[in-house]
Amino acid sequence: MNSSPLSAYAALEHMRELQAAAAAKPTRRAERPALPAFHRVSIRYAGPSDAAALSALAALDSRTSAPHGDVVLAELDGTPVAALGVDDGTAIADPFLPTADLVQML
């Protein structure tokens, strides 16, 4: 079956339009979210006054409970973002921030 020169030209022109549109569209790369510029990182033992913050952090991390016993806490500008139970090694962290390095430091 022979195609007419007009339909071949239309197909070629449509292909060029698609290629131009694809080239103009920015590509999305899978990037690690950048850690915002915080002024201070602190690591300390959690105290009784940190119970609510640990519960909230556990909920963010889809955990049913926060680590118990001695807990080491990482804060960014005073906001708890990661915690580690010293006795059992249970870690919780804010999943919306790149906290893997902080958990490793804990």
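Hydrogens, waters and symmetry mates play no part in the numbers below; they use all other heavy atoms, side chains included.
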Can you find a heavy atom in the side chain of [X] that is under 4.5 Å from one in the side chain of [Y]?
X	Y	result
L76	T99	no
P95	L60	yes
D77	V41	no
I43	V72	yes
V86	V71	no

Same apolar cluster (I L V M F W Y, side chains within < 4.5 Å links), I92/V103: no
Compare every heavy atom of [Y] with every heavy atom of [X], then report the nearest pair and how far apart it is.
X	Y	result
L57	A82	CD2-N, 3.6 Å
G78	P80	O-CD, 3.6 Å
S55	A66	N-CB, 4.3 Å

Do T90 and D88 have a side chain donor and acceptor closer than 3.5 Å? yes
Salt bridge (charged side-chain N to carboxylate O under 4.0 Å, His left out) with R44: which residues, sequence neighbours excluded? D50, E75
What residues, two or more places apart in sequence or in another chain, satisfy salt bridge (charged side-chain N to carboxylate O under 4.0 Å, His left out) together with D61? R63
List the residues meeting side-chain hydrogen bond (donor to acceptor under 3.5 Å, both in side chains) with D87, not counting sequence neighbours, and say none if there are none.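 In terms of side-chain hydrogen bond (donor to acceptor under 3.5 Å, both in side chains), with neighbours along the sequence ignored, D87 is linked to no residue.
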Does atom CD of Q104 have more than 12 heavy-atom neighbours, drawn from other residues, nucleotides or ligands, at distances under 6.0 Å?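 Open: at most 12 neighbouring heavy atoms sit under 6.0 Å from CD of Q104.
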Tested for side-chain contact (heavy atoms from CB on, under 4.5 Å) against L102, the lone hit among L84, V81, L73 is V81
